[in-house]
Number of protein chains: 2
Amino acid sequence: MISPLEVFRKYINGKGLRNTPERETIIMEIFSVHDHFDVDELFLRMKDQKSKISKASIYRAIPLLIESGLIKEVFFEDGHLHYEPIYGHSHHCHLRCIRCGKVIEFVEEEMNNIIDRLSKKSNFNILDHRLDFTGYCPECNEKSALK
Amino acid sequence: MISPLEVFRKYINGKGLRNTPERETIIMEIFSVHDHFDVDELFLRMKDQKSKISKASIYRAIPLLIESGLIKEVFFEDGHLHYEPIYGHSHHCHLRCIRCGKVIEFVEEEMNNIIDRLSKKSNFNILDHRLDFTGYCPECNEKSALK
DNA sequence: TTGTTATTGCAATTAATTTGCAATAACAAT
DNA sequence: ATTGTTATTGCAAATTAATTGCAATAACAA
């Protein structure tokens, strides 16, 4: 499997755009952690590593990373968007505790059947989906029950 | 079944807050259309009906409407949040065309099984979920294929 | 090496949402 | 009904995420 950087270079070339060290740094940072992130957090992570890349460059890179299939938007929370790497990751759903914020990721095999069925019924060409659950994690559920 | 207004009054009383004609107008407008909405759209709909209610009041009412179980956030798009009435509505998923924006709603029975299975496996107390599909609707899919 | 122009960082802008404040009004107690 | 307390309102100002204009820089094709 080719690396995220290679995927990005191909995409950029195909579009007649230019690759830059800034964009490669952003991609490397995202794929060194393999977890969801938001712009501010990514900016701070890179700053910790002495990177001087501006937030504007991150904001400008994001649509390219999405278009090239490296990342996607996952949810809007705390007043801003959150993203996660998808290239090289299997599609997964989120189970999020509304009390402590804990997020568990898991793969739901049944979704493929649902998508097949729904595609046929609706005639939509379904390209992506989002399945997120919210509730109380075991610990927070106990704490709520005590009150 | 009691009306959305009654549900809201109960909630407001239980919290020691005060009900107002502004909030009742907002609720009536939302439940007269029974479809998803955003703040600006709701504000304009009410303005058309000669209502003088300010946007600030709508923004301040929304957390109360969510807490009382009348509406919920559905997605963040075009730079702002979208909501939909849930009281008296069966839980449904969205199928959205990424080209023309068309949204189809449907009920996915299989979700109940998935939730049961997942609750047992994770020990989470699952309270809500969101299942959204994106892709091309039949018309837009044809148009894209032609290019 | 050179020329074109995409990309950068910075600062200013935009747009959604929140908040401070003084006036108003809901509602419990009288 | 009247009154007092204080939640709610509308307005305008503030806040915050995200976008954009601009001049300087740098990618990359020729």
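Because the structure is a prediction, the values reported are computed rather than measured.
The two residues B/Phe8 and B/Ser68 make their nearest non-hydrogen contact at CD1-OG, 3.8 Å.
At a threshold of 4.0 angstrom between heavy atoms, the contacts of A/Lys55 with the nucleic acid are absent. Across all strands, B/Pro21 comes closer than 4.0 Å only to sugar-phosphate atoms, never to a base (heavy-atom distances). In this structure, A/Asp40 reaches neither bases nor backbone, as no heavy-atom distance under 4.0 Å exists between it and the strands shown. Using a 4.0 Å heavy-atom distance criterion, A/Arg23 is classed as a sugar-phosphate-only contact.
Residues that satisfy the side chain to side chain contact (heavy atoms under 4.5 Å, CB included) test with A/Lys102, not counting sequence neighbours, are A/Cys97, A/Cys100, A/Cys137, A/Glu139. Qualifying side-chain hydrogen bond (donor to acceptor under 3.5 Å, both in side chains) partners for B/Asp78, counting only residues two or more places apart in sequence or in other chains: none.
The hydrophobic cluster around A/Val74 extends to A/Phe75, counting ILVMFWY residues whose side-chain heavy atoms fall within less than 4.5 Å of a member. Hydrophobic side-chain contacts under 4.5 Å tie A/Phe106 into a cluster, directly or through other members, with A/Leu95, A/Ile104, A/Met111, A/Ile114, A/Ile115, A/Leu118, A/Phe124, A/Ile126, A/Leu131, A/Phe133, B/Leu95, B/Ile104, B/Phe106, B/Met111, B/Ile114, B/Ile115, B/Leu118, B/Phe124, B/Ile126, B/Leu131, B/Phe133.
Axis orientation changes by 40° from one end of the helix from C/dT1-D/dA30 to C/dT30-D/dA1 to the other, with each end axis drawn from 5 pairs and the value rounded to 10°.
Ring geometry for B/Tyr87 against B/Phe31 counts as perpendicular: the plane angle is over 60°, on a 0 to 90° scale with 30° as the lower cut.
Residues A/Ile12 and B/His80 each lie close to DNA chain C; by heavy-atom proximity, the contact nearer the 5' end of the strand is made by A/Ile12. Place A/Ser54 and B/Phe76 on DNA chain C by their nearest nucleotides, and A/Ser54 ends up nearer the 5' end.
For DNA chain C, the contact window with chain A, defined by any atom under 4.0 Å from a protein heavy atom, covers C/dT4 to C/dC10 in 5' to 3' order.
If you measure from atom CD of B/Glu22 to atom P of D/dC11, you get 11 Å, rounded to the nearest angstrom. In this entry the distance linking CD1 of A/Ile66 with P of D/dA18 reads 11 Å, nearest Å.
The pair B/Asp132-B/Arg96 does not count as a salt bridge, with every side-chain nitrogen at least 4.0 angstrom from each carboxylate oxygen. Salt bridge status for A/Arg117 with B/Glu108: present, with a side-chain N to carboxylate O gap under 4.0 Å.
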> Passes side-chain hydrogen bond (donor to acceptor under 3.5 Å, both in side chains), B/His92 versus B/Glu84? Steps please.
Replying inline: CA-CA 11 Å; B/His92 58 263; B/Glu84 71 182 17; 3.0 Å; yes
